Amino acid sequence: MSSYDAAEIEPKWQDAWTDAGTFEARRDPDKPKYYVLEMFPYPSGNLHIGHVRNYTMGDVVARYKISTGHAVLHPMGWDAFGLPAENAAQERRVHPGEWTYANIANMKSQFSRLGLSLDWSREFATCDPDYYGKQQAMFIDFLEQGLVYRKNAVVNWDPVDMTVLANEQVEDGRGWRSGALVERRELTQWFFKISDYSDALLDALDTLENWPDKVKTMQANWIGRSRGLQFAFSLVDGPQGHDRIEVYTTRPDTLRGASFVGISPDHPLARQLEKDNEELAAFNAECRRMGTAEEDMEKAEKKGFDTGLRVRHPFDTAWELPVHVANFILMDYGTGAVFGCPAHDERDHDFAVKYGLPIYATFVPEGELPGDPDEYVQQTALVAPKDTPVRYVRGFAGEEVQTANAAIDAAIAFCEANGVGHGVTKFRLRDWGLSRQRYWGCPIPVIHCETCGVVPEKKENLPVELPKDVSFDQPGNPLDRHPTWRDVPCPSCGAPAKRETDTMDTFVDSSWYYARFTSPGAETPTDPEEAAYWMNVDQYIGGVEHAILHLLYSRFFARAMHATGHLPARATEPFDALFTQGMVTHEIYQTRDETNRPVYHFPHEVTDGKLADGRAVEVIPSAKMSKSKRNVVDPVEIIDRYGADTARWFVLSDSPPERDVEWTASGAEAASKHLARVWRICDEASGAAEQGRDDDALRRAAHRTIHDVTMGIESFGFNAAVARLYAFTSVLQKSPAGRAAKCEAARILAQLMAPMTPHLSEEIWARLGGEGLVVNAPWPVADPAMLIDDEVVLPIQINGKRRDEITVAKDLGKDAIEKLVLERHAVQKALDGAAPRKLIVVPGRIVNVVI
RNA sequence: GCGGAUGUGGUGAAAUGGUAGACACUGCAAACUUAAAAUUUGCUGGCCCAGUGCCGUGCGGGUUCGAGUCCCGCCAUCCGCACCA
């Protein structure tokens, strides 16, 4: 008998798969195709245990689909542009490209040890000039199609480093390196017209049957289609050129509850007024110092500035309302101006209380008579669901008692009939700003010419490659100060011109990589035949943190690629099924220093909750892994110690895939022990006696397991499948069956485990005389006759509490069950001679006797 | 702040509205062993008057013969918020 040695068998089978070309995707007219894709990683340099979980899940699906006779495409690449490479360049004086490709090489070697069923022949990195050159070609197509345009937009500006900051580089309103107060600065930037597809992107969510509802809900809310009223307040003695304020509201039914008009600090009127009003200029400047992140704006204290200007209410010209500049109003959404109705909006209510503005109720709860309606809303705003009827006390259209939805419709109709604005549909979704003032990204392939304007680069000149001779010792974008790269003749007139020095948002790179994988070497962004065959992605797997931006941008990009002839119509929704997996977490061990600041300790420093010096540590369970918290698990260490199969088995067991799983050393140890046990049991099976007992029981257990594991894999219930495999292993171990039955059961076990622990399974399969590679063996099919049990145990409840149980034939009729139940001692005792009030029999499930 | 999710033993969790805790981890006990490791076996939600007992799925209500599951209201944690990827 030999023992389980992962280090010996894992490289052996990895080589066998490579030699056989098992995972090279091939178009095969005789097979259905299956495209499984996990979100590709950012090449940080090291594989994270979270990657192991993510890619193992995809691997289970891919290997299962190979076994069920599919032509499988399971590619891998690198989301390789982005900020960290530039940070590394600044900190370590290494070129971003050099750093990135070194990381890729390192991660790839780590990947290879996991035994994933990846087709590495299709690998690419988004920073490969070939890839981003094709992206530039598509950008030019989009430009010609009218899907790209330029407009002004604000960025975070660090006035000390003289550079644009990402939101994550702004900490408490200050630049992360310089510590300088961040300013907002307006730049002309490139945008994708995703708003052209707002309706389509929203409506098509209904067709995505195999997407999680939560993701669809998040996208729907993000797109935020709303029907509202756009109208104008006329200004009383407004400054020159400003006689009205255009506002948009989704609650026109509360128009008679208006108490002020709020405008954005960036509203043209606010900009006009600040010229003659130092105080307002200061207020606006303060608002503009805030970072551009919406979260910061929303969390910031709500502040306003009374401009002193007044507007007339559209229903009553004698009724004047004050105009405030308010820091929470976005210029990007609606018209940059709102009317405030404090009675029915918490934010407006806070604002009204703070600035002493009146609060008028427009409706009160139906049925209640709360005395003075205005009194009712003084303390807190009344925010009612829009589909619940309420009583309007300042209504002006529709019934007195109606839902807000009905009242809104009536109010829009009333306003349109009376010439007060018109109903409009607006979206929260803004156009996608893709310009980045950075080096390590895909150059935007246009040239700015003084006479010709913006001219796209000629396609034969693509890719516009990033220059290699750059330095990061000064802040800002090196492309801006690289004359031989920047200064080029205009492609149109030949006069001296300048290249665009902005590069593209890295979300662009990841918005079409799935399409490029179908033909990674093609001279055009996609090859129509290949794309037609392989698209769509049948199963996409990734973190829920990408639920909105990446997935929405990809959906837009697929549509834009279709519009420019790069994808077939069917691929406008590129991901047929989506699964969002949870994280791998780990406990954090911390103590406190003299100033009570936390000090973190590595897991290997902690034994039984104590450090080597005996000090007890505080344990924070289930925390996201982070280097600074010292709770990161290195997959390479785990593989060195236990092997890849153990790591794979562990990350699939215990927790449902969509939830977080906590990494524990004891759990990894247990997974390893279990695999060794499987090895031993399978090894022993071949040595079992020729004749045994209960062969049929073992077969029935095997078929039940085939059924359950298959269902588990099909439904992403990997933890449930693992639990069933644990149970079956025990059955096999204890079975007194003969050799033939045991070997058959062991081969089935190897097959069922193969998607999860492929190396161990290959070895067992080979030793027990399985034909060829287990990865290619047809998936076992459960015999339905083996799944039927003749008898069922029926729990008996008395008043809903379980008191007894009976074992009956599976198909026993209701009447016969009732009779048996009433004869039971426990039931008779509870009834005490009386007849039951009710007897509920759910055949095959439960009996409830109500007394 | 807004949007989305999650919450069940010491731990990870299971449970088409139908026996709450499957399957594991930890812990305890036993077998084997000179010993240890490995392995195997058993027990392992809480409480008490130890039963055909009571309580128990974040908290408070509700619907139902029956609620972890459905509804309403809270609390806590996590994810996203458009320049992190």
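None of these values were measured; they are calculated from a predicted model. Labels below follow one simple rule: chain letters A, B, ... track the order of the sequence lines, proteins then strands, and each chain is numbered from 1. What's counted below: heavy atoms across the whole structure, side chains too, no hydrogens, waters or symmetry copies.
- Atom P of nucleotide B:C84 and atom CD of A:E168 are separated by 6 Å, given to the nearest angstrom.
- Relative to the side chain of A:R802, the nucleotides B:A20, B:A13, B:A24 differ in distance, and B:A20 lies closest.
- Straight-line distance between the C1' atoms of B:G17 and B:A24: roughly 28 Å, to the nearest whole Å.
- Nucleotides B:C59 and B:G53 are separated by 27 Å at their C1' atoms, to the nearest Å.
- Proximity of A:N719 to the phosphate of B:A14: a side-chain N or O atom is located under 4.0 Å from OP1 or OP2.
- B:G12 and B:G7: their C1' atoms are spaced 14 Å apart (whole Å).
- In the interface, the side chain of A:R824 is not paired with the base of B:U52 through any donor and acceptor atom under 3.5 Å apart.
- For the 3.5 Å distance criterion, the side chains of A:D158 and A:T163 fail to qualify, holding no donor opposite an acceptor.
- A sub-4.0 Å separation between OP1 or OP2 of B:U40 and a side-chain N or O of A:R677 is present.
- If you check the side chains of A:D509 and A:Q135, you find a donor sitting under 3.5 Å from an acceptor.
- Between B:G21 and B:C2, the distance separating the two C1' atoms is 37 Å to the nearest Å.
- In this structure B:A37 sits in no base pair that meets the Watson-Crick or G-U test at under 3.5 Å.
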- Going through the checks in order, is the side chain to side chain donor-acceptor pair (under 3.5 Å) test met by A:W211 and A:Q219? CA-CA 11 Å; A:W211 279 43; A:Q219 292 217 352; over 6 Å; no
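- Put simply, the side chain of A:E298 and the base of B:C81 share no donor and acceptor less than 3.5 Å apart.
- Regarding the sugar-base torsion, B:G46 falls in the anti class, its angle being beyond 90° of 0.
- Out of B:C2, B:A82, B:C83, the shortest distance to the side chain of A:N156 is found at B:C83.
- Side-chain atoms of A:K673 lie closest to B:A38 of the nucleotides B:A5, B:A38, B:A13.
- Nucleotides B:U16 and B:U26, compared at atom P, are 28 Å apart to the nearest Å.
- The side chain of A:S653 places no N or O atom within less than 4.0 Å of a non-bridging phosphate oxygen (OP1 or OP2) of B:A24.
- Nucleotide B:C25 has B:G10 as its partner under the Watson-Crick or G-U criteria, with both atom distances under 3.5 Å.
- For A:N221 against B:G3, a side-chain-to-base donor-acceptor contact under 3.5 Å is absent.
- Between the base of B:C65 and the side chain of A:N848 there is a donor-acceptor pair shorter than 3.5 Å.
- Under 4.0 angstrom from either OP1 or OP2 of B:C25 there lies no side-chain N or O belonging to A:T664.
- At a cut-off of 3.5 angstrom, counting only N and O atoms as typed in the model, there is a donor on one side and an acceptor on the other between the side-chain of A:E295 and the base of B:C81.
- B:G45 and B:G68 have their C1' atoms separated by 15 Å, given to the nearest Å.
- With RNA chain B read from its 5' end, the first of the two nearest nucleotides for A:V215 and A:D654 is the one closest to A:V215.
- Side-chain polar atoms of A:T188 and A:N152 form a donor-acceptor pair below 3.5 angstrom.
- Across all strands shown, A:H825 has heavy atoms under 4.0 Å from base atoms, whether or not it also approaches the sugar-phosphate.
- Pairing for B:G51 goes to B:C48, judged as Watson-Crick or G-U wobble with the two contacts each under 3.5 Å.
- Comparing B:G18, B:G4, B:C83 by their closest approach to the side chain of A:Q797 singles out B:G18.
- Here A:K801 reaches the OP1 or OP2 of B:C55: one of its side-chain N or O atoms lies under 4.0 Å away.
- Distances from the side chain of A:L83 to the nucleotides B:G53, B:A85, B:A38 place B:A85 closest.
- Between the CG atom of A:L675 and the P atom of B:A24 there is a distance of 14 Å, given to the nearest Å.
- When distances run from any side-chain atom of A:M218 to the nucleotides B:A85, B:G4, B:U19, the shortest one goes to B:G4.
- Every residue two or more places apart in sequence or in another chain that forms a side chain to side chain donor-acceptor pair (under 3.5 Å) with A:W432 is listed here: A:D505.
- The phosphate of B:U40 has OP1 or OP2 within less than 4.0 Å of a side-chain N or O from A:R680.
- For the C1' atom pair drawn from B:G60 and B:C49, the interatomic distance equals 32 Å after rounding to whole Å.
- B:A15: no Watson-Crick or G-U partner with both key distances under 3.5 Å is found in any strand.
- The distance between atom CG of A:D505 and atom C1' of B:A82, rounded to the nearest whole Å, is 9 Å.
- Proximity of A:R430 to the phosphate of B:A82: no side-chain N or O atom is located under 4.0 Å from OP1 or OP2.
- Closest contact between the side chain of A:R659 and the listed nucleotides B:U6, B:C84, B:A85 involves B:U6.
- Inspection of the A:D161 and A:S178 side chains reveals no N or O donor paired with an N or O acceptor under 3.5 Å.
- Put simply, the side chain of A:Q189 and the base of B:C83 share a donor and an acceptor less than 3.5 Å apart.
- The base of B:C83 sits with one of its N or O atoms less than 3.5 Å from a complementary donor or acceptor on the side chain of A:R438.
- Base pairing of B:C2: its partner is B:G80, meeting the Watson-Crick or G-U wobble criterion (both donor-acceptor distances under 3.5 Å).
- Judged by closest nucleotide on RNA chain B, A:K829 is the one of A:K829 and A:K838 placed further toward the 5' end.
- The side chain of A:V164 sits closest to B:C83 out of B:A13, B:C83, B:C81.
- We find that NZ of A:K214 is positioned 9 Å from C1' of B:U6, with the value rounded to whole Å.
- The salt bridge (charged side-chain N to carboxylate O under 4.0 Å, His left out) search around A:R641 returns none, not counting sequence neighbours.
- One side chain, A:Y131 or A:W512, offers a donor N or O that lies under 3.5 Å from an acceptor on the other.
- When heavy atoms are screened at a 4.0 angstrom cut-off, A:A670 is found touching the sugar-phosphate backbone but no base atom.
- Across the strands present, B:C74 finds its partner in B:G58; the criterion is a Watson-Crick or G-U wobble pair with both atom distances under 3.5 angstrom.
- Within the 4.0 angstrom heavy-atom criterion, no nucleotide atom of any strand lies near A:S510.
- Between A:K216 and B:G4, a side-chain N or O to OP1/OP2 separation shorter than 4.0 Å is absent.
- Here B:A85 presents its P atom at 17 Å from CH2 of A:W78, a figure rounded to the nearest Å.
- When rounded to the nearest whole Å, the span between OH of A:Y642 and P of B:A38 equals 12 Å.
- Under a 3.5 Å cut-off, the side chain of A:S672 and the backbone N or O of A:A668 do not form any donor-acceptor pair.
- Separation of the C1' atoms belonging to B:U69 and B:A14 is 13 Å when rounded to the nearest angstrom.
- Residue-level contact check: A:V155 touches the bases, meaning some heavy atom is under 4.0 Å from a base atom.
- Going from atom CG of A:L549 over to atom C1' of B:G4 covers 14 Å, rounded to whole Å.
- Atom CD1 of A:I840 is separated from atom C1' of B:U64 by 9 Å (rounded to the nearest Å).
- Side-chain contact between A:V849 and A:R803 is absent, with no heavy-atom pair separated by less than 4.5 Å.
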